[in-house]
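Read through the structure below, which is laid out as structure tokens, and then see the notes.
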Amino acid sequence: MSSQASSQTPAQGEAVRSPSILPGIGVCLAITLIAVSGQAMEERIFSHPYVEALVLAILLGIAVRTLWTPGARFRTGIAFSAKQLLEVAVTLLGASLSLGAILASGPALIAGIVGTVAIGITASYGICRLLGLPARMAILVACGNAICGNSAIAAVAPVIGAEPKDIAASIAFTAVLGVLMVLGLPLFVPLAGMSDNQYGVLAGLTVYAVPQVLAATVPVSLLATQVGTLVKLVRVLMLGPVVVAFSLIAPRLPAEDGGAVPRRGGRLGFTKLVPWFILGFLVLASLRSLGLIPDAAVKPLTQFAGFLTVLSMAALGLGVDVRVLARVGGRVTLAVTGSLVVLVAISLALIRFLGIA
């Protein structure tokens, strides 16, 4: 017996000791199923979700983490769910994008939406940095406000190497304001004397998620819903270029402790500058635009990507110490609120500039 034990190679011993990812994934999956069920219950009661499964998952994960610290047996699977599975989800989202949807909106409105997203990200980032937020967290808040809330945060986070606590804080506070926008934006119509068409553009440019756009516009009119959904779709399509841009900027971001990020010697190859999942995203988007991905496959792929994203958020929640969130809560709240106010102002200026009636 001793000879058999001694004959075991170091590589084999390491493989035996290597923890499985299944226990950690199992915990994340259980939280995900509860979150998805919670959203389904909201849809059954209210006809649309006020708090999406993605947000519920991260909140549940944080709650579980507060009561229980995962042991070594679970950490590998939780880390795998938070990183690799999220990267797969980002890749699959490319299958839902088509160049035809962009071109159908008209050049003036498309240019206006692109400009709004660019200015919104820049202004939001500036506000966050003035309030003392770390660079990566500032990027998350800026992208969440300017593009599509939680989905943008989840997509940009792995590209810039954001910390789980920053991702959780950005999503948590952005989610709260997202719900407030859904409830409060329809009240803005009579106050501002906006037409249904104008309101649809405003909702599409400022409300975070597509379901939230529907929730904010359905009470107003069918026209507002149609316009808002179209504008929101084009705004979401900006996520791909923005993620690619930040993948190129990421190596130059300052370290979280305020020091400079060490530069590697020599030139970085393209695959080092642009992560594999961004390349996969672009490939699937191109295949979709060329009609090589059938319509019947788009919905299942998008749903699966959404499910993986929720699972990843559960994993991120499990890695968050709520005491850290409490220390940054005030600044993040001010940053998200200020960024949203700026985005609304930019959107109103665009409506006036384009002469939308």
Side-chain angles (χ1 to χ4, degrees), residues 48-52 54-55 105 108-128 140-153 155-156 170-171 173-221 223-239 242 332-357:
H48 53 77
Y50 284 102
V51 183
E52 296 180 351
L54 187 148
V55 179
S105 301
L109 184 57
I110 291 174
I113 295 171
V114 172
T116 299
V117 170
I119 297 172
I121 290 176
T122 304
S124 296
Y125 180 82
I127 291 172
C128 293
L140 295 180
V141 172
C143 292
N145 275 280
I147 305 176
C148 51
N150 304 324
S151 298
I153 293 172
V156 172
S170 303
I171 287 180
F173 291 107
T174 299
V176 171
L177 278 187
V179 174
L180 294 178
M181 282 290 289
V182 170
L183 298 176
L185 199 60
L187 303 176
F188 194 72
V189 179
L191 293 176
M194 302 183 74
S195 69
D196 292 352
N197 190 34
Q198 291 173 327
Y199 175 74
V201 174
L202 178 65
L205 286 172
T206 57
V207 178
Y208 296 144
V210 175
Q212 290 178 337
V213 171
L214 296 177
T217 54
V218 167
V220 177
S221 72
L223 175 61
T225 302
Q226 293 172 335
V227 173
T229 302
L230 175 63
V231 172
K232 176 61 186 174
L233 176 61
V234 178
R235 184 175 159 212
V236 170
L237 293 175
M238 285 294 296
L239 181 58
V242 167
V332 177
T333 302
L334 285 175
V336 175
T337 304
S339 299
L340 186 57
V341 170
V342 169
L343 182 62
V344 171
I346 295 170
S347 302
L348 291 172
L350 176 65
I351 292 171
R352 182 177 294 274
F353 178 76
L354 294 179
I356 298 174

Practice item. Kindly indicate, with the supporting measurements, whether the criterion side-chain contact (heavy atoms from CB on, under 4.5 Å) is fulfilled by L205 and L343. Key: CA-CA 8 Å; L205 286 172; L343 182 62; 5.8 Å; no
Atom of [X], atom of [Y] and distance for their closest heavy-atom approach:
X: V141; Y: S339; result: CG1-OG, 4.2 Å
X: V342; Y: A123; result: CG1-CB, 3.6 Å
X: A146; Y: I121; result: CB-CG1, 3.4 Å
X: V227; Y: G200; result: CG1-C, 3.8 Å
X: A224; Y: Y199; result: CB-CD2, 4.0 Å

What is the distance from atom [atom1] of [X] to atom [atom2] of [Y], rounded to the nearest 0.5 Å?
X: L223; Y: Q198; atom1: CG; atom2: CD; result: 11.0 Å
X: I113; Y: I147; atom1: CD1; atom2: CD1; result: 12.5 Å
X: N197; Y: L202; atom1: CG; atom2: CG; result: 11.5 Å
X: I351; Y: L109; atom1: CD1; atom2: CG; result: 9.5 Å
X: I119; Y: S124; atom1: CD1; atom2: OG; result: 11.0 Å
X: C143; Y: Y125; atom1: SG; atom2: OH; result: 11.0 Å

**Study point:** Residue pair L348, M194: steps toward the side-chain contact (heavy atoms from CB on, under 4.5 Å) verdict
**Key:** CA-CA 10 Å; L348 291 172; M194 302 183 74; 4.2 Å; yes
Exercise for review: Please examine the side chains of C148 and K232, heavy atoms only from C-beta on, and report whether any two atoms are closer than 4.5 Å.
Suggested key: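 Result yes, sub-4.5 Å side-chain heavy-atom pair found.
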Exercise for review: Flag the pair I153 / Y208 as yes when at least one side-chain heavy-atom distance between them is below 4.5 Å, and no otherwise.
Suggested key: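 When only atoms from C-beta onward are counted, Y208 and I153 do not touch, as no gap falls below 4.5 Å.
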Point to revise | Derivation and outcome, side-chain contact (heavy atoms from CB on, under 4.5 Å), residues T116 and S347 | key: CA-CA 7 Å; T116 299; S347 302; 4.1 Å; yes
Review point. Ignoring hydrogens and geometry, is there a side-chain-to-backbone donor-acceptor pair from R235 to V207 under 3.5 Å?
Key: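 At least one qualifying donor-acceptor pair exists.
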